[in-house]
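Okay, so here's the structure we're looking at.
Just so it is clear: chains get the letters A, B, ... in the order the sequence lines come, proteins before strands, and each one is counted from 1.
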There are 2 protein chains.
Amino acid sequence: MISASLEDYLEFIHNTILEKKEIKAIDISKAFNISRPSVSEALIKLADKDLIIYEGRKGIKMTKKGIEQAQKTVKKHKILSDFFTKVLKIDREQAEKNACKIEHVIDDEIIEKMENYKESKYKDNE
Amino acid sequence: MISASLEDYLEFIHNTILEKKEIKAIDISKAFNISRPSVSEALIKLADKDLIIYEGRKGIKMTKKGIEQAQKTVKKHKILSDFFTKVLKIDREQAEKNACKIEHVIDDEIIEKMENYKESKYKDNE
DNA sequence: TATCATTGTTAGGCTCTCCTTACTTTTTTC
DNA sequence: GAAAAAAGTAAGGAGAGCCTAACAATGATA
């Protein structure tokens, strides 16, 4: 198990690497508004859990395990965010913000139902 | 602001008083599987925040402020749980479990949409 | 190349929520 | 009414996740 904060950081690291090929600790500090020492601490924890490879200034890399975990979170996030915007007609920004928080506590079964619901019902009304 | 744990305890205290007229610290300990000292600590915090009146063995009472706050949580909980069971066809137990966690992090706007959604759409399919 | 800015680390501290152990106080029950 | 059980409190501790201040290392620039 991993905490909500660490899951957020891992997700961000993953997304940023996909988008910009690399990421530095300072990017996390800025993105989440937390101090540089707190980022260091979090990165060490992620590395301890074998989710990233962290070698200080040499950079941050995802491990296979880290990528798998991050992908799960990203998928949950997307399903939640889509459900909120498309089914409940919530604006994108608020949908994103809430997805970020709920993705850490919701069970997979509900996520699955949301995903299926999307396919079976609301598309008819578009 | 109040933490998720304290909000859970407050909600439980409120529901139990409504149901059984009174509640003791030990009931919270059993319900949430936390130690008696942890309950004491939590009750002192709730009292500090003016949400309950706590006088040790003399009992626990809700304040006006506490009742209002608990009612909000209970309402959120119910809307979430109903949405999960009726719209997403999740079983009651899992719906309850997830409502308990999500109620602490979800925005009011989404709760409102869930409530309205209920009225406008899925009732047609029952 | 010397200086300055940026990035990261160390050390120490804070709050929160939980714990255990060891009382004290109240309530049962024999 | 005395012993035992139940309920609550005090004291001290642990881990998570933050913080600041101070220091070290790297990189850019004049």
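Phe32(B) comes within 4.0 angstrom of no nucleic acid atom, judged by non-hydrogen atoms across all strands. Among the protein residues, Ser38(B) comes within range of the nucleic acid bases, having at least one heavy atom under 4.0 Å from a base atom. Within 4.0 Å (heavy atoms only), Ser5(A) reaches sugar-phosphate atoms of the nucleic acid but no base atom. Nucleic acid contact for Asn33(B): sugar-phosphate only, since backbone atoms but no base atoms lie under 4.0 Å from a heavy atom of the residue.
Residue Asp50(B) is tested with Gln69(B), Lys65(B), Lys64(B) for a side chain to side chain contact (heavy atoms under 4.5 Å, CB included); the sole match is Lys65(B).
Using a cutoff of 4.0 Å between basic side-chain nitrogens and carboxylate oxygens, Arg92(B) and Glu96(B) are scored as salt-bridged.
The environment of Gln71(A) atom CD is dense: over 12 non-hydrogen atoms of other residues, nucleotides or ligands sit within 6.0 angstrom. For NZ of Lys72(A), the number of neighbouring non-hydrogen atoms (other residues, nucleotides, ligands) closer than 6.0 Å is 12 at most.
The stretch residues 16-31 of chain A has no heavy atom under 4.0 Å from DNA chain D, so no residue of it qualifies as close.
The footprint of chain B on DNA chain D, defined by a heavy-atom cutoff below 4.0 Å, extends from dA7(D) to dA10(D).
Hydrophobic cluster membership differs between Ile106(A) and Leu10(A), with clusters built from Ile, Leu, Val, Met, Phe, Trp and Tyr side chains linked at under 4.5 angstrom.
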Before giving the answer on side-chain contact (heavy atoms from CB on, under 4.5 Å), spell out for Leu88(B) and Phe83(A) the whole-Å C-alpha distance, their side-chain angles and the decisive distance to 0.1 Å. CA-CA 12 Å; Leu88(B) 296 180; Phe83(A) 188 86; 4.0 Å; yes
Between Lys75(B) and Glu115(B), is the side-chain contact (heavy atoms from CB on, under 4.5 Å) condition met? List the steps. CA-CA 10 Å; Lys75(B) 192 182 172 192; Glu115(B) 196 178 16; 3.7 Å; yes
Verdict with supporting geometry, Ile13(A) and Leu46(A), side-chain contact (heavy atoms from CB on, under 4.5 Å): CA-CA 11 Å; Ile13(A) 292 165; Leu46(A) 287 174; 4.0 Å; yes
Starting from the C-alpha separation in whole Å, work towards a yes-or-no answer on side-chain contact (heavy atoms from CB on, under 4.5 Å) for Phe32(B) and Asp27(B). CA-CA 9 Å; Phe32(B) 292 91; Asp27(B) 301 328; over 6 Å; no
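For the pair Ile44(B) CD1 and dT15(C) C1', the computed distance is 16 Å after rounding to whole Å. Taking atom CD1 on Ile2(B) and atom P on dT15(C), their separation rounds to 19 Å, with Å as the unit.
In this structure, Leu43(B) and Ser3(A) both approach DNA chain D, and ranking their closest nucleotides by distance from the 5' end singles out Leu43(B).
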Pick out the pairs of N or O atoms, protein on one side and nucleotides 21-29 of chain C on the other, that lie under 3.5 Å.
from    : atom 1 : to       : atom 2 : distance (Å)
dT25(C) : O2     : Arg57(B) : NH2    : 3.1

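Of the possible donor and acceptor atoms, one in the side chain of Thr63(B) sits under 3.5 Å from a partner among the backbone N and O of Leu51(B). With Lys76(B) contributing its side chain and Ile111(B) its backbone, the two residues share no donor-acceptor pair below 3.5 Å.
Taking the side chain of Ile34(B) as heavy atoms from C-beta on, and the options dC18(C), dT17(C), dT20(C), the nearest nucleotide is dC18(C).
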